[in-house]
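Letters A, B, ... are given to chains in the order of the sequence lines, protein chains preceding strands, and every chain is numbered from 1. Heavy atoms only: backbone and side chains are in, while hydrogens, waters and symmetry mates are out.
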Number of protein chains: 2
Amino acid sequence: MSQVLNYLITARRCEAEELQRLAHTCQLVLTVGKLIHCLQQERGLSNIYLGSRGERDAQAWQERVAASQAAQCEFDTWLGSTVPDNALSNGARLYTRIAFALHALDGLPKLRADVAALACTPAASYERFKTVVGALLALVFEAADVAVDPQISRLLVALFNLMQGKEFAGRERAAGAAAFVTGKITREQEQTIETQIEMQEQALRRFESFAEGFRNEWSAMQATLPLADLERLRRKLLTAHGRPLDPELADAWYQCCSTRMDGLHRVEIHLAQYVQSQCQDKIRELQKDLDHQGQFFTQADDRDPLASLTAFASGLDGQPLPDGSLSAGVGPHLTQSIVDILRTQSERLQNLTQELATVRESLEERKLIERAKGVLMMKQGLNEEAAYRLLRKHAMNQNRRIAEVAQAILSLTEILPDA
Amino acid sequence: MSQVLNYLITARRCEAEELQRLAHTCQLVLTVGKLIHCLQQERGLSNIYLGSRGERDAQAWQERVAASQAAQCEFDTWLGSTVPDNALSNGARLYTRIAFALHALDGLPKLRADVAALACTPAASYERFKTVVGALLALVFEAADVAVDPQISRLLVALFNLMQGKEFAGRERAAGAAAFVTGKITREQEQTIETQIEMQEQALRRFESFAEGFRNEWSAMQATLPLADLERLRRKLLTAHGRPLDPELADAWYQCCSTRMDGLHRVEIHLAQYVQSQCQDKIRELQKDLDHQGQFFTQADDRDPLASLTAFASGLDGQPLPDGSLSAGVGPHLTQSIVDILRTQSERLQNLTQELATVRESLEERKLIERAKGVLMMKQGLNEEAAYRLLRKHAMNQNRRIAEVAQAILSLTEILPDA
């Protein structure tokens, strides 16, 4: 019997180790989130600097560069301090994303030199920064796609969506600033900004729906944000219909958007720390169970294993059934029987697996949509916002879900015409 | 750039390690398969021994017991030789199943003592053996549910279905033998045997559909089996309609079924060995790639990372797109660029993940059905065959898939009345 308990304990230890890896992965997400936030700020100031031909915010721009470099240093240090292989959940795919992100980050020195020399347009600089942020977000997405604990997975999915929503907010900030500065907005720019707003609202709704236990903090944070100002400025921006925009509003727009993004970043940090603390709580709980189970080494359980197992085994799943009947007929016990422990553990893992499947389904949908957008961007020469609008239009016309349309597009990738 | 390659290589190494764990898991499946085969033989002879009140096959029965004990020793040795934690795929759930199986195996000494003393009925002995085999099969099922490589996963699913089909064949052998020996068969026994035949045919069909590259061996093996004899005996058994059966046919039935089960066991061994060799092949292939990628440490790639990434990045997925355009415009190269390597690896992992999702879906369905059967067995006091018939009947009446009905039953578990 002690061998049975040994394996039950090994199973628990495996779970605890998985959670440990997950807690470690959360640190990665925190570090990457900070780097993304810095790069978003640098991206914004680079655009102002380039747009003013080096006249405006040179000092602030340099400070932002330094802050990004420091954040990248932290990321590098974190990577350096992590012994590879089994330290992170989801090894192969996550490490591939890290390689991707590092490769994109390798492009920053040249990008900054171009900005400093005023050797690229604001639009080109913006696109290049977007690529770096995209590679880092892809890393966070992969980190969220882990099969360990459904509650933690849900929080990681919430976190990823929060970060994605914040990136769309950043793009809206850039696109709106460009319009205000030039004093005019085209129909195409309007459409892009409308889509960016829609995409960030969707991402934040997904964040809300996955971030149980975190909604109060979210509401409290939102109350501190200049949302009315933002909506007023959005209205001015999107209802100009050919009339000139007031360039004086550019600063107010930028400040308002930035304040909101800083707020989102604070929620992001709290959420990541909350996920870490949840991991630690669960590890402690497992440890408590382990200590408790250890007691059974000294206790005899001389009932016939097959008598209890046979009566309640449930087919090939080998899983006894979810009620207390196993102890029926043997009277109240102060201690659980070994079958009770086996049953509890087995059920718990089974439930975790099923809940996880649900969370992963929503992740798979996100992946499909992202990939289909990528195909449309490539094949039709669209930007991300236009690709998304095309997907949504098809979905509405065909009365199908966007993920279904995405799936159909991916299955046609080979035969779609190039732009 | 060398850091990028370092992480690409780490990702590959993670993959290779996962495959190593999988190869190790295959050994477990082989060992468990052998133990199951021995227990199925012992179960059959125990029934003959008990049914004849100790008159028949006493010697053969003792030999079978010894063989089972030797196979269990091998299983124990295998477990003892495996350093826990990271040695097996799918740690927590697999170890829980091992604990379950060991607990069931702990019941064998008492069961054997009962058989030796003729202290239990053939039916009771049979049920207790079935529980042990069920716990071992559940272990194999868990081992098959790994998220590493879709081709390997498909083969493991095939292997599990083969073993499950063989177990249903074993139950048919027992039920048929009991009927022939007593010279009569009830309507209920007939139904049970019909369901056992249906369940084994389904499992073997699933085996065939998942065992690509193994179908020729399967056909060849089937050609050596006494399938015509089996069908003839099945016909006699199932069309008696109240007329007496010829007890003289009991031996022929038993031999015929046993020959078939031995054949299935041989295919099972070959398939498990084939899976192991496939793992090794894939590990070698990864190793070759790793050696190849190492060369890039010495090669400069001075193109701007963001120029190539930005042009072809596909949304947040950060994944460049599936054609050769990345090298367009830079002329033919003898070496791949770093972006090409990143792209290839990223695509490969993405495809693996999608294919795996499909395989896992079918596993999830099996789990649902097994669990729903378990609930019906418990709540309605049915045996496995009757539970399956009830599921199938509901599915036909409602024109739904069995997995859907299973899901509906599971969601009603709490409110289903007890038997």
* Could you point out which residue of A/Leu79, A/Thr96, A/Leu94 forms a side-chain contact (heavy atoms from CB on, under 4.5 Å) with B/Tyr7? => A/Leu79
* Closest heavy-atom pair and its distance - B/Ala92, A/Cys14 -> N-CB, 3.6 Å
* Could you tell me which portion of A/Leu368 (side chain, backbone, both or neither) has an atom closer than 4.5 angstrom to a non-hydrogen atom of chain B? => side chain
* The single option from B/Leu5, B/Leu8, B/Val4 passing side-chain contact (heavy atoms from CB on, under 4.5 Å) against A/Leu102 -> B/Val4
* To do: Identify which part of A/Leu111 has an atom lying under 4.5 Å from any heavy atom of chain B, answering side chain, backbone, both or neither.
  => side chain
* To do: Between chain A and each of B/Pro109, B/Ala99, B/Ala101, count heavy-atom pairs under 4.5 Å; write down the option with the most.
  => B/Ala99
* **Residue B/Leu136 versus chain A: region with a heavy atom under 4.5 Å** => neither
